[in-house]
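What you are looking at is a predicted structure, and each value in this text was computed from that prediction instead of being measured. Side-chain atoms are counted along with the backbone in the values below, which use heavy atoms only and exclude waters and symmetry mates. The first residue of the sequence shown is numbered 1, and numbering continues consecutively from there.
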Amino acid sequence: MRGESVDLPVEIPGSAPLTTRLHSLLQHPTSVHEEAQTARGWVDLAYEAAYGERYAAAAEAAERGLNAPGATDPENRLMLLRILSGVHEMRGESALSAPFLNERIELLRQLGRTRQAEVEAQLGTMLLREPDRVEAEILRRMAEELDDGTGPSVHRADVLSSLAVRSLHDEGPEAALNLISEACEILETLDRPQALAGARMFLAHAQLLSDDPEAALATADQVLSAPANRAVRGAMAMLRATVHHQAERPTEAVADAMTSVELYSACGVRKGAASAAALLAGISSSLNEAETAVLAWRVAVQQAELGEFSESRMLSLALGQQLLDMDDYAEAEKVLEALSLRLTGGESDFSTRGRALMGLGHAVTQQKRPLEAMSHWEEAAAQFISAEEVDEAARAHLAAGALAASLDRVEAARKHYEQGLALADQGEDTDPLMLLQALHSLGHLLCRHEEESGLIYLDRAMSIVDEHGTDWQRADITDTRARSLTALGRGNEAVAAALEAADMFADSGDEEAAADAEIFAATVLMQMKQSQEAETLFRMAAESREISDALLATSLEGRAEALTALGRHDEAAGLTADLEALKAQLANEEDLPQSE
């Protein structure tokens with residue numbers, strides 16, 4: 001909207017920090033009711049409203065333009081009449097569209113542009129919307145007829161542009177490139193800057209879809225360096241942001257995405273503003289710019305809600321997840337609870353509500369409200385079942401089961417684990433790793449509470465690991481089996497399994513887990529009054545492995561107990577002194593402020 005559109009501002013200063021600009025959008029999300037001073041200004045406002053799918057506003061702006069200063073200029077009037085006929089046609093109001101289309105054709109005749117008038121009269125509304133396949137053949141024949149050697153014409157450019165839209169739909173972007181490229185050349189030759197901006201916008205998107213991002217970027221730059229309204233400029237800034245993001249140029253991508261958000265928001269293209277803000281949020285999150293990401297998600301949600309688009313649900317979910325990632329659990333709870341409540345009772349979008357409830361459960365768990373979390377996850381499972389997302393329902397039950405188990409709510413945990421297992425065990429459609437988790441969790445729970453049937457689940461889990469898992473997972477199941485055997489009173493088997501797990505962990509490169517398994521075996525040996533063997537294992541775990549100070553303290557404590565049981569009190573006293581010093585060191589480290 002530079003150059004010809006002097007009465008409407010376009011450029012938005014971009015020197016302020018992103019957070020400042022995003023805060024400004026959140027505080028002033030809607031563009032004020034804009035008034036143009038000239039017919040040319042109303043053309044831009046009408047186009048922007050139509051691009052933003054605000055068709056009533058577009059029609060009103062175009063009608064006001066017909067009575068504004070400059071409305072007698074033929075080019076302004078022709079554009080306004082096309083917008084009016086096009087807007088009504090897009091709304092399915094052909095009867096309202098026809099008078100404006102006829103008035104435009106009559107004006108063309110009065111201007112002596114009889115060939116253009118004949119073409120538009122013959123093609124009717126084909127130039128106002130995406131043509132169907134039959135209409136595309138008519139347009140193709142018309143394009144050939146107009147290629148008569150008399151030179152470039154606006155009406156041939158119009159026909160080529162409409163044909164390109166259908167070609168893109170039917171044959172792909174490559175088929176549309178030659179058509180829209182020729183249309184651009186014609187419009188540039190005839191010096192039709194506004195029509196050229198729209199045609200080049202189409203060309204840039206076709207180039208991007210044809211995997212030629214650098215050509216798309218060059219075309220977008222041509223658009224941005226010439227007269228164009230804010231909707232077109234916002235689209236080109238978004239395209240630039242997409243290209244830079246795909247090329248891993250985040251600084252440039254962020255700058256262009258922010259510009260696109262501002263331009264789209266200023267002219268009321270809500271869906272575009274929401275998309276650009278979501279892109280900005282995603283890039284900012286990947287750069288660990290958490291505050292910027294949260295603000296951008298908020299803008300995306302706000303713009304989608306202003307446009308009353310269903311995408312606002314998924315954007316709210318993304319905002320909630322971003323807040324969870326930032327450990328801002330209280331704010332995440334507000335966002336996700338509001339989303340869940342908004343979706344309550346609806347007959348669709350069970351999936352989004354399920355995901356909101358899963359996030360809500362995590363938020364309240366971190367705020368020490370586990371019973372609420374269990375309730376949220378149970379409800380989430382029901383939502384996923386309604387959405388026919390069986391895997392997600394299984395994961396929800398397994399999460400609820402793990403939380404119940406941590407609270408020693410054994411029956412609740414068992415119920416959730418069994419439901420999770422039933423959902424995870426789907427025959428050919430089974431996710432083996434999720435089935436493994438379900439079997440592992442249920443087997444361990446049952447064994448911990450002295451039910452030998454748990455070993456059957458662990459054996460089945462091991463068979464899945466043998467086919468689909470890793471060496472570390474095999475070690476983990478073996479370690480669980482050792483602890484389960486202990487709970488069942490089978491100490492010797494438990495020790496053997498723990499030592500086998502230790503070797504497996506070591507072979508997998510996990511020294512900490514290997515030492516932990518050895519210390520567990522030593523602890524069982526102590527319970528079986530085999531203090532000498534226990535002391536040896538405690539010592540080996542401390543001396544032969546690279547382990548954490550916390551695990552070293554556990555080893556020292558167990559070894560001192562074993563030495564005391566063996567009557568070696570002096571050695572035990574020395575180890576106890578070492579243990580106290582280590583505990584003091586660990587306590588001091590906990591008290592030190594954490595570096596950011």
Side-chain angles (χ1 to χ4, degrees), residues 358 361 370 373-374 377-378 380-382 384-385 389-505 508 510 513-514 516-517 520-521 523-524 527:
M358 288 301 293
M374 288 171 57
W377 288 339
E378 187 167 13
F384 288 132
I385 292 294
E389 295 183 20
V390 177
D391 284 358
E392 294 301 326
R395 291 187 180 94
H397 277 302
L398 294 177
L403 189 51
S406 72
L407 298 171
D408 284 329
R409 291 177 170 259
V410 181
E411 287 308 311
R414 179 172 186 162
K415 171 191 158 189
H416 283 299
Y417 281 151
E418 288 175 343
Q419 288 178 298
L421 175 58
L423 291 166
D425 200 358
Q426 294 291 312
E428 292 182 0
D429 295 328
T430 294
D431 177 348
L433 296 182
M434 187 169 62
L435 180 58
L436 170 63
Q437 179 189 347
L439 291 164
H440 190 175
S441 299
L442 180 57
H444 189 201
L445 178 76
L446 294 176
C447 289
R448 271 174 51 200
H449 294 88
E450 302 179 7
E451 292 191 40
E452 290 214 14
S453 62
L455 293 176
I456 298 172
Y457 294 108
L458 292 178
D459 288 342
R460 189 179 170 200
M462 185 62 81
S463 69
I464 293 173
V465 168
D466 289 340
E467 187 174 355
H468 300 285
T470 64
D471 291 340
W472 189 93
Q473 287 173 321
R474 185 175 293 106
D476 190 38
I477 297 291
T478 304
D479 184 70
T480 296
R481 185 178 184 83
R483 295 167 198 269
S484 298
L485 289 165
T486 302
L488 296 170
R490 295 158 62 174
N492 288 327
E493 293 175 73
V495 170
L499 293 177
E500 183 183 4
D503 289 340
M504 291 179 177
F505 279 129
S508 299
D510 192 339
D516 191 41
F520 175 73
T523 302
V524 175
Q527 293 169 355

Q: Might you work through the side-chain contact (heavy atoms from CB on, under 4.5 Å) test for Leu485 and Leu455, ending with a clear yes or no?
A: CA-CA 8 Å; Leu485 289 165; Leu455 293 176; 4.2 Å; yes

Q.
If you apply the rule side-chain contact (heavy atoms from CB on, under 4.5 Å), what do you find for Ile456 with Leu446, and how did you get there?
A. CA-CA 10 Å; Ile456 298 172; Leu446 294 176; over 6 Å; no

Q) Would Lys415 and Glu378 count as a side-chain contact (heavy atoms from CB on, under 4.5 Å) if you check the C-alpha gap in whole Å, the side-chain angles of each, and the deciding distance to 0.1 Å? A) CA-CA 11 Å; Lys415 171 191 158 189; Glu378 187 167 13; 3.0 Å; yes

Q: For Glu389 and Arg395, run salt bridge (charged side-chain N to carboxylate O under 4.0 Å, His left out): C-alpha distance rounded to whole Å, both residues' side-chain angles, the deciding distance at 0.1 Å, then the answer.
A: CA-CA 10 Å; Glu389 295 183 20; Arg395 291 187 180 94; over 6 Å; no

Q) Which is it for Leu423 and Ile385 under the side-chain contact (heavy atoms from CB on, under 4.5 Å) test, yes or no, and what are the steps along the way? A) CA-CA 10 Å; Leu423 291 166; Ile385 292 294; 3.6 Å; yes

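Ala413 and Ala405 get closest at one heavy-atom pair: CB-N, 3.6 Å. In this structure, His397 and Ala381 approach most closely via the heavy-atom pair NE2-CB, 3.4 Å. Of all heavy-atom pairs spanning Leu458 and His444, the tightest one is CD2-N, 4.1 Å. When every heavy atom of Phe520 is checked against every heavy atom of Ala498, the shortest pair comes out as CD2-CB, 4.0 Å. Nearest heavy-atom pair, Thr478 versus Glu500, reported as atom, atom and distance to 0.1 Å: CG2-OE1, 4.1 Å. Considering every non-hydrogen atom in both Gly420 and Ala394, the closest pair reads O-CB, 3.7 Å.
Here the straight-line distance linking atom CG of Leu435 with atom CG of Leu398 works out to 10.0 Å at 0.5 Å rounding. The distance from the CD atom of Glu493 to the CG atom of Leu488 is 9.5 Å, given to the nearest 0.5 Å. Note that CD of Gln473 and CD1 of Ile464 are 10.5 Å apart. Values are rounded to the nearest 0.5 Å. Annotation: the span from His449 atom NE2 to Asp408 atom CG amounts to 6.0 Å, rounded to 0.5 Å. To the nearest 0.5 Å, atom CZ of residue Arg414 and atom CD of residue Glu411 are 6.5 Å apart. Going from atom CE of Met462 over to atom CG of Asp459 covers 8.0 Å, rounded to the nearest 0.5 Å.
Listed for the Tyr417 side chain is a donor-acceptor partner under 3.5 Å among the backbone atoms of Ala402.
With a 4.5 Å cut-off on side-chain heavy atoms, Leu445 and His416 do not count as touching. Side-chain contact between Asp471 and Met504 is absent, with no heavy-atom pair separated by less than 4.5 Å. In this structure, the side chains of Leu421 and Tyr457 come closer than 4.5 Å at one or more pairs of heavy atoms.
Remark: Arg490 CZ is packed, more than 12 non-hydrogen atoms of other residues, nucleotides or ligands lying under 6.0 Å away.
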